[in-house]
Each structure stands twice: as C-alpha cells, then as structure tokens.
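To find a chain, count down the sequence lines: A is the first, B the second, and so on, and within it residues start at 1. No experiment lies behind these values; they were computed from the predicted model shown.
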Protein chains: 2
Amino acid sequence: MTETIPRRELILQEAAHLFREKSYPGSNLRELARRSGIQGGSIYHHFASKQEILFQLMDHTMSDMIERLTERLAEAHTPLEKLRTTVYFHIEYHVTGPDQTYITDEELRNLEPENYLKVVAKRDRYQRIVEDILSAGKAEHGWLLDEPKLYTRALIKMCAGVSTWFKPEGELNIEQIAEAYINLFSNGLLPR
Amino acid sequence: MTETIPRRELILQEAAHLFREKSYPGSNLRELARRSGIQGGSIYHHFASKQEILFQLMDHTMSDMIERLTERLAEAHTPLEKLRTTVYFHIEYHVTGPDQTYITDEELRNLEPENYLKVVAKRDRYQRIVEDILSAGKAEHGWLLDEPKLYTRALIKMCAGVSTWFKPEGELNIEQIAEAYINLFSNGLLPR
DNA sequence: GTCTATAACTAGATAGAC
DNA sequence: GTCTATCTAGTTATAGAC
C-alpha cells in the first residue's frame, strides 16, 4: 500500500518546494538532487536542464488548473454560482499546492522566451475563463463592473494571495476564507 | 539645473530595476555596476555586500511607505475617507515605484535573518495601520467584516497587484483603477 | 537509473594602484 | 571614488563506469 512515486515526479515536487524557498536562480541542482535522494549528475537522466524542470513544473500546473476549474464549473449554472465556484477553487488550489502555484505565479521572468510564451498563453486562457464569468454576470444580471478584466485581476490576486499567509492550523479554514471573499466580492463592506 | 543624483542612490535605483527583472539571486554585481556606470569592484565602496543593497532598498521603501501613508491619513477623518485614502495611496505608490515595491513585496525570503526581522517589523506596522482603519469602520459604522486582518490582506494584495500589469499608456489611469477598487470594496458587484 | 569525476564558467568579495 | 587584477567558491552540464 506504500505508493511509490516515480523519481521524476518526486524531483518536480522537491523542485517546487526548493524554488519557492530560494527562488529559481537561488536554487542549485545538487541540493535538489540531495532532497530527491540521488546525486547531482543523476538529475540529467530525468531532465535535460534546470530550465526544463522549471518549465515542466509551471506548464503542468497551469494545465491542471484549467482542467480542474473547467470540471468544477460544469456543475455551476448561474454566473453567481460560477463566481462562487471559482473563488473557492482558486483559493483551495493555491492553499493545497502552495509551492507549485507560487512558482507558477512568480517565476515567469525566469522562463526562456519560448517557454515563457507557452506558459503565458495558458495563464491567459485561465484568466479568460474567470473574465467571461464576470462579463456574463454583467450582461445577464447587471453586475456593477465597468471593466471585467480589472476585476478579474483583482479577484485572482486576492485569492492567490491567501497561500502566502495561510496556515492549516490557523483560526480560519478554506471554507471560511472563501465565504468571506465571496461576500466581499458580492456585497462589499458597507451595510445598507 | 541638471540634477546630479548621488552614485549611491543611482546604484539603489538600478538595483531595484535589475532585481525586479532577474530576481535578487539571479542578478550579479558586475551588471549592476555596469548599469550604474562603474566597474564591478567599485560597488564595494558604497555597500559592504550584495545583501546590504537588498536590505537598504527594502528597508527604505517600507519606511517611506509608512511615512507617506501616515501623512496622507492625517487629512482623512472618517473610516471611509481613510479607506479611500489608503486604497488610492497603496495603488499609486506601487504603480509609481513598481521596482522598489515589487522587490519589497517579493524578496523577503532572500534577506538574512537579522535583516528579515527588521523589514517584517515595518511591514507589519504598515499592515496594522490598514487593519486599524477596517476595525474602526466595523466599530463605528458596522462594516460587514468578521476578520479585519483577512480583509486587510485581501485589500493589500489586490492593490499591490496593480503594479504587475499597469501600463501608463493603458486605458485606465490610477484614479479610475482606485475608484473601481474602492467601489468594489464598499459595495461589491451585485446590484440591489 | 545512479554513481563519480571533471570541464567550463560565473559570482561575490578583496587588494592595491591611481 | 574608481580602476584592474585576482582569489575562492560554487554552478550547470557532461562523460563514462557500474
């Protein structure tokens, strides 16, 4: 019953952790190898270069996010339900995989041009999914927003930011945080 | 009338730009020197180490943010006025000095322990100023928030995030973005 | 698939001349 | 205050044995 995780997967996991801790250029492959239970040179049996590790990490994370969000949204039917689903998903995904998401959010500048374009294209696809929900809310229910893109960015930044301070042993769980953010986005702070 | 900027200041400015472009560990002092118009070794006449450059940059930025926000808040009197002032200031400061603020927001992990504690203390002081405004709004005007700290983080992340995509030549100016964010925070998206 | 050894290079920091 | 030269250590990546 002990799951044997393939070495390649393990390296990617450890890389996410290490890169988050020390940033991509601040990390070295000897330490990544050590944490993965092998010697420095052996990394190159699994990946062609340090850059390829970063790219695989970010590319896989973006694909996974798009796929999972799309799945969840299939169960939601109104724009408001979809907004709730998205806020919950985005927070949960960032809190559950804080290493992967942090790298994917912050290491874009360290991708070589070709890889950069591929990852940015997926990031834009993801943002577009969220933007379309806000646009639908505006068109169908008169949501108060002039610039869907502006609010999309605000929403994404706010939710992703949770993973920078979230502690599983803290006072609030994911549900409570998501609920608070949905309320904030829906009704704001001022009483009526 | 040509302002001669002291070399030390110039190095700090160029460092902010370079570190934002390539991250702190990804930057090297020879390139920083070149951009500052001197040779590699000359950096050490102005700073004791690469680490000290990073620390001076972040520490000065945090002090400056606290000082300026405090000044502006002195002119605001109600919690709502103070919230407006804070949102506007935080966006404006991040958009006006995107290099300095990006470094200060993202390079904490590369500070040595002693420096880390100093900068985090100032960051916490800043956050506390914002948190106290939200708490006052709750106490005095019944603002709808259970956890002032949670909303403080959401507000700060959302506003700071503007500098990652803001372009001066873009469609929206700082006033319009700040206005939209204040509306979002005040009343949310749903019509009543 | 992993090891060891090493090539080729780069970086932070120092020393001393001007 | 800036220059050049250099020390030392660490890094990615490769090669070939097991």
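- Less than 4.0 Å separates DNA chain C from no heavy atom of any residue of residues 107-114 of chain A.
- DNA chain D lies under 4.0 Å from at least one heavy atom of each of the following residues of residues 5-24 of chain B: B:Arg7.
- Cluster partners of B:Ile5, using a side-chain heavy-atom cutoff of under 4.5 Å among ILVMFWY residues and allowing indirect links, are B:Leu10.
- With hydrogens and angles disregarded, no donor-acceptor distance shorter than 3.5 Å links the side chain of B:Lys149 to the backbone of B:Arg128.
- Salt-bridge annotation for B:Glu71 and B:Arg68: absent, with no side-chain N of the basic residue lying under 4.0 Å from a carboxylate O of the acidic one.
- Under the side-chain contact (heavy atoms from CB on, under 4.5 Å) criterion, A:Tyr116 pairs with A:Leu108, A:Leu111, A:Val120, not counting sequence neighbours.
- A distance-only check finds no donor-acceptor pair linking the side chain of B:Glu106 to the backbone of B:Ile103 [under 3.5 Å].
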### Derivation of the ring-ring contact (aromatic ring centres under 6.0 Å, His included) call for B:Tyr126 and B:His90
CA-CA 11 Å; B:Tyr126 185 88; B:His90 200 73; 5.5 Å; yes
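- By the 4.5 Å heavy-atom criterion applied to side chains, A:Asn110 and A:Pro25 are counted as neighbours.
- Of the residues in residues 33-53 of chain A, those lying under 4.0 Å from DNA chain D by heavy-atom distance are A:Gly41, A:Tyr44, A:Ser49, A:Lys50.
- With B:Arg153 contributing its side chain and A:Thr164 its backbone, the two residues share no donor-acceptor pair below 3.5 Å.
- On the nucleic acid side, DNA chain C contacts chain A at distances under 4.0 Å to non-hydrogen atoms, with the end points of that region at C:dG1 to C:dT4.
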